Amino acid sequence: MDRTDRKILESLQANGRMSNADLAREAGKAPSSMLERVRRLEEKGTISGYRAMLDPRQLGYTVQAMVMINLARHQETRIEDFEAGVRAIPEVKACFHVAGRYDYILHLAVRDIDHLADLVKHRLSAIGGVEKQETFLVLSTVKKDRGYALEPLFDEL
């Protein structure tokens with residue numbers, strides 16, 4: 001990976017709809033070679049996909065929460081059952097298996113507090129193996145996910 005690849009990644013993280021011609025112009029390369037570089041980054045899995053970033057409020061999701069989960073037992077089948085249960089809940093935006101005080105951190109987006117209460121009481125607690133859950137309401141988003149920092153990875157180039 002070189003500076004041109006870094007430029008491609010930075011540009012596509014900022015605007016995934018950028019045309020190949022604009023991408024080539026920004027990087028100072030020919031459009032044909034740019035297309036080949038992007039394809040190579042996709043084939044290697046460095047670029048794993050493209051998607052639109054949506055405004056949750058425009059979709060009716062006015063409440064976001066973080067839910068910390070502890071499992072009763074750390075057995076393979078319990079972990080797999082819990083993770084499968086979480087994957088089946090569309091309101092779970094992300095789920096992280098973590099080390100520390102909790103076993104999992106879930107990021108939820110819901111319509112309102114009643115929707116959150118129903119989700120926590122009936123859907124999350126119904127997943128087998130959940131011993132404890134603690135819910136934190138998101139008051140505001142201080143920094144949105146804008147992709148990965150690439151600068152430190154390429155300082156030596």
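Only heavy atoms go into these numbers, but all of them, side chains included; no hydrogens, no water, no symmetry mates. Please read these numbers as outputs of a predicted model, since none were measured by experiment.
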Are [Y] and [X] co-members of a hydrophobic cluster defined by side-chain heavy atoms under 4.5 Å apart?
| X | Y | result |
| --- | --- | --- |
| Phe136 | Val67 | no |
| Val63 | Val92 | yes |
| Met68 | Phe82 | no |
| Met1 | Val38 | yes |
| Val138 | Leu124 | no |

Could you tell me which non-hydrogen atom of [X] sits nearest to which non-hydrogen atom of [Y], and how far apart they are?
| X | Y | result |
| --- | --- | --- |
| Lys29 | Ser33 | CB-OG, 3.8 Å |
| Ala88 | Arg123 | O-NH2, 3.6 Å |
| Leu35 | Asn20 | N-OD1, 3.3 Å |
| Ala65 | Thr135 | CB-CG2, 4.0 Å |
| Arg78 | Gly129 | NH1-CA, 3.6 Å |
| Met18 | Ser11 | SD-CB, 3.8 Å |

Do [X] and [Y] have side chains that get closer than 4.5 Å, going by heavy atoms?
| X | Y | answer |
| --- | --- | --- |
| Leu106 | Gln133 | no |
| Ile69 | Val86 | no |
| Glu131 | Leu71 | no |
| Phe96 | Met66 | no |
| Glu83 | Cys95 | no |
| Arg37 | Leu23 | no |
| Thr46 | Asp5 | no |

Side chains of Tyr61 and Glu91, donor plus acceptor under 3.5 Å: no

Roughly how far apart are [X] [atom1] and [Y] [atom2], rounded to 0.5 Å?
| X | Y | atom1 | atom2 | result |
| --- | --- | --- | --- | --- |
| Leu12 | Leu41 | CG | CG | 8.5 Å |
| Asp81 | Ile127 | CG | CD1 | 10.0 Å |
| Arg111 | Leu116 | CZ | CG | 11.0 Å |
| Ile8 | Asp2 | CD1 | CG | 8.0 Å |
| Ile47 | Gln13 | CD1 | CD | 9.0 Å |

Give a yes or no on whether Tyr50 atom OH has more than 12 heavy-atom contacts from other residues, nucleotides or ligands under 6.0 Å away. yes

Crowded around Lys44 NZ? As in, over 12 foreign heavy atoms under 6.0 Å? yes

Full working for side-chain contact (heavy atoms from CB on, under 4.5 Å) between Ile89 and Leu108: CA-CA 10 Å; Ile89 301 172; Leu108 309 179; 5.7 Å; no

Aromatic ring pairing His97/Tyr104, orientation class (parallel under 30°, perpendicular over 60°, tilted between):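 The arrangement is parallel - the two ring planes meet at less than 30°.
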
Who pairs with Glu26 by salt bridge (Lys or Arg N to Asp or Glu O under 4.0 Å), at least two apart in sequence or on another chain? Lys7

side-chain contact (heavy atoms from CB on, under 4.5 Å) between Glu134 and Asn70, worked out: CA-CA 9 Å; Glu134 188 172 351; Asn70 276 337; over 6 Å; no

Could you walk me through whether Asp103 and His74 pass the side-chain contact (heavy atoms from CB on, under 4.5 Å) test, one step at a time? CA-CA 9 Å; Asp103 299 320; His74 295 268; 2.9 Å; yes

If the threshold is 4.0 Å, N to carboxylate O, is there a salt bridge linking Glu10 and Arg6?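 The answer is yes: the pair qualifies as a salt bridge.
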
